[in-house]
Each structure stands twice: as C-alpha cells, then as structure tokens.
Amino acid sequence: MPHGFGMLDQEVSRRVVDQRVRNRIMEAILGLTAGDADVDEAGATEWFECFFDFFPYEGPAVRDVSAINDEEWAALSPLLSAMQTACRETPSDISEKDLKASGWPTRIAPIAAKTLDVFLARGRFSEEIEEQSPSSPVPWP
C-alpha cells in the first residue's frame, strides 16, 4: 500500500486507495487551473511534480486507478500531453519567474479546467468507504 494512504491499525481496500488517488489527482488538476498563481504558490518544481506524482514524464498514463472512468482517462490525455511537452521544453532548474514567462502555466490552465470539469461531473469519492460512484453531496472545490 502506498505510504500515506493507510489508516492506523486498519486495512484499506485497493478501491478506497484508488478513490483517494483520484481525489488527489483532482487536487493537482485544480492547481493547474490557476495558471501563474499556482506557480507562485507551489514554486516551479512543485508545479510540475504535483502532477507528475501521478503520471509518467513520457508516454501514456498507466490506467491502473479503478476509480477513474474511461471518459476521465480520455480527458486526461490532452493535459498529460501538454504537461509532458512543457516538462521537456523547460529546464529542470527554471525559476518561477522564467516558468511564468515561458507561458506554459497560462497555456495549460484552460486544458486543466476542461479536464477538471469532466472529473467534477461525477464529483469526489469517499476516502473511507468503497463506492462505485462518488456520493459526496458537498460541492467541490
């Protein structure tokens, strides 16, 4: 089980872990929707890493998170492609100022917003019990 997703003295099912991972992916996508403001908040390195914690730097996503449906995987594809291109074209030691000047955060923000809209159509999953569909009645974000 990945570190940080378990509960003390309690086994957590793979499905609940996948639900939590999907929720964290939504949070990473939400950050990208903020464009330059997210770079200011997270820093240049973390702007990339918050997304690439879940996706490969090259190639297609590994579709191993059961809580993400086919429509959501399809919506992630353009965002993954844009982020991979931005990563390839950006020096690893880039400053926040230079990352913003590159235009990548501004170009990626609307792609991230479209992706997030697809995820928001179903909402967020419980992080405690297995669900086939998100049941959270609380609007997010």
Side-chain angles (χ1 to χ4, degrees), residues 1-8 10-141:
M1 177 173 312
H3 176 70
F5 287 106
M7 297 170 57
L8 294 176
Q10 189 175 16
E11 273 299 309
V12 177
S13 72
R14 173 62 195 204
R15 177 61 186 198
V16 170
V17 170
D18 283 354
Q19 291 171 190
R20 292 174 183 179
V21 168
R22 182 182 178 275
N23 290 349
R24 297 298 83 74
I25 289 171
M26 289 177 70
E27 291 165 4
I29 296 168
L30 175 64
L32 294 175
T33 68
D36 288 347
D38 192 40
V39 176
D40 289 335
E41 184 175 325
T45 300
E46 279 304 306
W47 184 80
F48 284 104
E49 294 307 319
C50 287
F51 182 80
F52 287 114
D53 280 346
F54 303 102
F55 300 104
Y57 291 99
E58 294 293 330
V62 177
R63 299 176 88 176
D64 64 349
V65 180
S66 66
I68 298 176
N69 68 21
D70 289 341
E71 181 182 9
E72 293 163 344
W73 283 116
L76 278 164
S77 184
L79 180 59
L80 175 59
S81 178
M83 287 295 290
Q84 288 173 336
T85 301
C87 189
R88 274 192 311 276
E89 294 181 3
T90 304
S92 61
D93 61 347
I94 196 166
S95 69
E96 286 80 12
K97 179 183 174 187
D98 289 342
L99 178 57
K100 291 186 296 184
S102 76
W104 278 113
T106 302
R107 284 180 275 170
I108 285 175
I111 301 167
K114 286 180 185 178
T115 304
L116 186 61
D117 285 346
V118 173
F119 277 75
L120 289 174
R122 288 202 310 150
R124 287 170 56 95
F125 279 93
S126 167
E127 299 206 3
E128 304 303 325
I129 61 169
E130 290 185 20
E131 297 180 314
Q132 289 308 306
S133 296
S135 65
S136 177
V138 179
W140 183 89

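Since the structure is predicted, the reported quantities are computational estimates derived from the model, not experimental observations.
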Quick check: closest heavy atoms across [X] and [Y], and the distance to 0.1 Å?
X: Leu32; Y: Ala112; answer: CB-CB, 3.7 Å
X: Phe55; Y: Ala61; answer: CD2-CB, 3.9 Å
X: Ala82; Y: Trp104; answer: O-CZ3, 3.9 Å
X: Pro56; Y: Leu80; answer: O-CD1, 3.7 Å

What's the separation between atom [atom1] in [X] and atom [atom2] in [Y], rounded to the nearest 0.5 Å?
X: Ile108; Y: Trp47; atom1: CD1; atom2: CH2; result: 3.5 Å
X: Leu116; Y: Leu76; atom1: CG; atom2: CG; result: 10.5 Å
X: Arg24; Y: Cys50; atom1: CZ; atom2: SG; result: 12.0 Å
X: Glu71; Y: Phe119; atom1: CD; atom2: CZ; result: 9.5 Å

Query - side chain to side chain contact (heavy atoms under 4.5 Å, CB included) evaluation trace for Lys114 with Leu79 - result: CA-CA 9 Å; Lys114 286 180 185 178; Leu79 180 59; over 6 Å; no
Query raised in the report: Phe54 and Val65: side chain to side chain contact (heavy atoms under 4.5 Å, CB included), yes or no, with the steps?
Result: CA-CA 10 Å; Phe54 303 102; Val65 180; over 6 Å; no
Is there a donor-acceptor pair closer than 3.5 Å between any side-chain N or O of [X] and the backbone N or O of [Y]?
X: Asn23; Y: Arg124; value: no
X: Ser77; Y: Ala74; value: no
X: Trp73; Y: Ile68; value: yes
X: Thr115; Y: Ala75; value: yes
X: Gln19; Y: Glu127; value: no
X: Ser81; Y: Pro78; value: no

Query - Residue from Asp38, Asp40, Asp36 passing salt bridge (charged side-chain N to carboxylate O under 4.0 Å, His left out) with Lys100 - result: Asp40
Query - With Glu41 via side chain to side chain donor-acceptor pair (under 3.5 Å) - residues at least two apart - result: none
Query raised in the report: Are Gln84 and Arg88 close enough that a side-chain donor and a side-chain acceptor fall under 3.5 Å?
Result: no
**Report entry** Partner residues of Arg122 under the side-chain contact (heavy atoms from CB on, under 4.5 Å) criterion, sequence neighbours left out
**Finding:** Arg22, Asn69, Glu72, Phe125, Pro134
